[in-house]
Amino acid sequence: MEYVEAVLELVGLIPPGSAVSYGDVAELLGSGGPRQVGSVMSRHGSSVAWWRVLRASGAAPDGHEADALRHYLSEGTALRGNPEEYLRNGESSWRVDLRVARWQPSDADFDRIEALAEGLATASAKMSEANDGMTQ
DNA sequence: ATTCTGACTTGCT
DNA sequence: AAGCAAGCCAGAA
């Protein structure tokens with residue numbers, strides 16, 4: 001449960017108009033990988049601003065392109081391609097311009113993130129410690 | 001222990 | 001730009 005909470009809280013720190021990739025989240029947390037983060041978002045993302053976490057390519061999560069786009073437009077998130085035409089006939093493609101929209105955590109954010117990462121680290125340390133005890 | 005499965009990434013055509 | 005193969009990480013069966 002720890003990992004899930006850490007991911008959700010981290011996502012909660014991302015301000016409107018910016019975004020990060022699944023891989024970024026894993027890296028900031030110093031634990032797991034893009035797939036783990038994706039898994040968490042898939043199951044618990046509905047309670048947070050899930051559209052602010054997307055693929056490294058800037059493409060919105062599979063099957064949620066339309067919903068995500070609405071948020072990007074209302075938040076003024078930097079986009080590339082033709083979202084307008086996509087809305088009109090669904091034929092054009094678009095991406096979030098991560099080069100511009102990528103979240104730059106503030107010092108305070110980094111402190112919070114560090115705390116989350118630390119929590120995960122000690123949690124996993126306790127687990128392996130417990131396992132060691134089991135095998136002794 | 002092994003195999004399968006993902007809201008993933010990267011590198012190569 | 002679009003498709004494909006491999007690599008990767010954990011949880012579930």
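Chain letters run A, B, ... following the sequence lines, proteins first and then strands; every chain starts at 1. All values reported here derive from a predicted model rather than from experimental measurement.
- When the C1' atom of C:dA1 is taken as reference, atom CG of A:N82 falls 14 Å away, rounded to whole Å.
- Of the C1' atoms belonging to C:dA13 and B:dA7, the separation is 22 Å, rounded to the nearest Å.
- A heavy-atom distance below 4.5 Å is not found between the side chains of A:V4 and A:R43.
- Taking 4.5 Å as the limit, every side-chain heavy atom of A:P83 sits out of range of all side-chain heavy atoms of A:Y72.
- Using cut-offs of 30° and 60° on the angle between ring planes, the pair A:H71 and A:W51 is parallel.
- Contacts between chain A and DNA chain B, taken as any atom within less than 4.0 angstrom of a protein heavy atom, begin and end at B:dG6 to B:dT10.
- One interatomic measurement links the two molecules: CG of A:L120 to P of C:dA10, which rounds to 11 Å at whole-angstrom precision.
- Separating the OH atom of A:Y22 from the P atom of C:dG7 is a distance of 24 Å, rounded to the nearest angstrom.
- In this structure, A:N82 contributes its side chain and A:E84 its backbone to no donor-acceptor pair below 3.5 Å.
- Look at CG on A:D62: it is 14 Å from P on C:dA2, rounded to the nearest Å.
- A:R55 comes within 4.0 angstrom of the backbone, heavy atoms only, and of no base.
- A straight line from CZ of A:R80 to C1' of C:dA1 spans 13 Å, rounded to a whole angstrom.
- Within the model, atoms CE of A:M41 and CG of A:L54 stand 9.5 Å from one another, a figure rounded to the nearest 0.5 Å.
- Remark: the separation of the P atoms in C:dC8 and B:dC12 is 15 Å, to the nearest Å.
- Judged as a side chain to side chain contact (heavy atoms under 4.5 Å, CB included), and not counting sequence neighbours, A:E27 has no contacts.
- Between A:Q36 and A:S21, it is A:Q36 whose nearest contact on DNA chain B lies nearer the 5' terminus.
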